[in-house]
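No experiment lies behind these values; they were computed from the predicted model shown.
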Amino acid sequence: MDLQAVTAAMIAYDAGDPMRIHHFLKVHAFARLIGLSEGLSADLQEITEVAALVHDIGIHRAEALYGSSAGKYQEELGPAEAEALLRTLNAPSALTARVSYLVGHHHTYTNIDGLDYQILVEADFLVNLYEDQIPAAAKKHAYTSIFRTESGKRLCRELYPEVTREE
């Protein structure tokens, strides 16, 4: 899968919305870094990176239909949008299926069923903790309850040292 083509397609999809473009580019950068650090296979790395690029693709439809970008609406509406975009890029069906699954679950933090899913969640958290200006106590909670990969935990500690500080 051509990641440059996916990136360009997502930038075009979110044209005029620089906040969302910056968001998915940052999530992708962290997902790529964590995946490479964790030694993912080439196939799993590709799925992880594509999923990171398209993970919030349901937001525009959610806002249009529900007036909200809530995670449950992203999960409901995102998979069909991701499938349509990936189809235009001739993505393999197995990759499209897994990416669509990840898009449809990336705000669900129970029953995480693979490293691609775990890394996507961690990368999204690393960015959201900053973008949403999450308080220290909530960062600590995220660190202890969400992060599982050694690379993701290390990045979280380095970005947000307060997650391991004793109060």
Chemist: Is there side-chain contact between Asp116 and Tyr101, with heavy atoms separated by less than 4.5 Å?
Modeler: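 SC-SC contact between Asp116 and Tyr101 ruled out.
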Chemist: Search all heavy atoms of His107 against all heavy atoms of Gly71 and return the closest pair with its distance.
Modeler: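 So the minimum-distance heavy-atom pair works out to CD2-CA, 3.6 Å.
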Chemist: When you compare the side chain of Leu77 with that of Tyr66, does any pair of heavy atoms fall below 4.5 Å?
Modeler: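 Yes, close enough: below the 4.5 Å cut-off.
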Chemist: How about Tyr109 and Ile146: do any of their side-chain heavy atoms sit closer than 4.5 Å?
Modeler: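 A side-chain contact under 4.5 Å exists here.
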Chemist: For Ala82 and Ile57, work out which heavy atoms get closest and say how close.
Modeler: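 Looking at all heavy atoms of both residues, the shortest contact is N-CG2, 3.7 Å.
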Chemist: What are the two closest non-hydrogen atoms of Glu38 and Glu150, and how far apart are they?
Modeler: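 Closest pair (atom of Glu38, atom of Glu150, distance): OE2-N, 3.4 Å.
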Chemist: Hey, what do you get for OG (Ser100) to CG (Leu86), rounding to the nearest 0.5 Å?
Modeler: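 Interatomic distance, Ser100 OG to Leu86 CG, rounded to 0.5 Å: 6.5 Å.
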Chemist: To the nearest 0.5 angstrom, please state how far the OH atom of Tyr13 sits from the CD1 atom of Ile21.
Modeler: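 Going from the OH atom of Tyr13 to the CD1 atom of Ile21 covers 12.0 Å.
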Chemist: Do you reckon Ile59 sits in the same ILVMFWY cluster as Val99, going by side-chain contacts under 4.5 Å, direct or chained?
Modeler: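 Result: no, two separate clusters.
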Chemist: Could you tabulate the donor-acceptor pairs under 3.5 Å formed by side-chain atoms of residues 22-29, not counting sequence neighbours?
Modeler:
unit_1	atom_1	unit_2	atom_2	d
His23	ND1	Glu131	OE1	2.7
His23	NE2	His55	NE2	3.1
His23	NE2	Asp56	OD2	3.2
His23	NE2	Asp124	OD1	3.0
Lys26	NZ	Glu131	OE2	2.8
His28	NE2	Glu49	OE1	2.8

Chemist: Just checking Arg20: does its CZ atom have more than 12 heavy atoms from other residues, nucleotides or ligands closer to it than 6.0 angstrom?
Modeler: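 Atom CZ in Arg20 is packed in, count exceeds 12.
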Chemist: Checking Tyr73 side chain against Arg61 main chain: does a donor-acceptor pair fall under 3.5 Å?
Modeler: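 Answer holds: no.
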Chemist: Is there a side-chain contact between Leu126 and Ile34 (heavy atoms, below 4.5 Å)?
Modeler: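 Side chain of Leu126 against side chain of Ile34, heavy atoms only: contact under 4.5 Å found.
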Chemist: Is there a chain of hydrophobic side chains (I, L, V, M, F, W, Y, each step under 4.5 Å between heavy atoms) that links Leu89 to Leu102?
Modeler: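 Yes; Leu102 is reachable from Leu89 via cluster members.
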Chemist: Do you know which of Ile134, Thr144, Leu159 makes side chain to side chain contact (heavy atoms under 4.5 Å, CB included) with Lys139?
Modeler: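 Considering Ile134, Thr144, Leu159, a side chain to side chain contact (heavy atoms under 4.5 Å, CB included) with Lys139 is found only for Ile134.
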Chemist: Identify whether Leu40 and Leu36 are in the same connected component of the hydrophobic contact network (ILVMFWY, side-chain heavy atoms under 4.5 Å).
Modeler: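 No.
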Chemist: Would you name the heavy atoms of Gly35 and Gln45 that are closest together and state the gap between them?
Modeler: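 Nearest pair, atom of Gly35 first, then Gln45: C-OE1, 3.0 Å.
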Chemist: Do the charged groups of Asp113 and Arg98 touch, with an N to O distance under 4.0 Å?
Modeler: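 Counted as a salt bridge, because a side-chain N and a carboxylate O are separated by less than 4.0 Å.
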Chemist: Roughly how far, to the nearest 0.5 Å, is CG of Asp43 from OG1 of Thr48?
Modeler: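 One gets 10.5 Å once the value is rounded to the nearest 0.5 Å.
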Chemist: Measure the CG-CG distance between Leu120 and Leu115 for me, rounded to the nearest 0.5 Å.
Modeler: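 The distance works out to 12.0 Å.
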Chemist: Minimum heavy-atom separation for Glu122 and Gly152, please, with both atom names.
Modeler: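 Nearest heavy atoms, Glu122 then Gly152: OE1-CA, 3.3 Å.
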Chemist: Is there a side-chain contact between Leu85 and Met10 in this structure, where contact means two heavy atoms from C-beta onward sitting under 4.5 Å apart?
Modeler: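 A side-chain contact under 4.5 Å exists here.
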Chemist: For the side-chain hydrogen bond (donor to acceptor under 3.5 Å, both in side chains) test, which of Glu162, Lys153, Arg157 pairs with Tyr143?
Modeler: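 Of the listed residues Glu162, Lys153, Arg157, the side-chain hydrogen bond (donor to acceptor under 3.5 Å, both in side chains) partner of Tyr143 is Arg157.
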Chemist: Between Leu129 and Cys156, which heavy-atom pair has the shortest distance, and what is it?
Modeler: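 For Leu129 and Cys156, the tightest heavy-atom pair comes out as CD1-SG, 4.3 Å.
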Chemist: With side chains defined as the heavy atoms from C-beta onward, is the minimum distance between Val54 and Glu81 less than 4.5 Å?
Modeler: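 Val54 does not reach Glu81 side chain to side chain.
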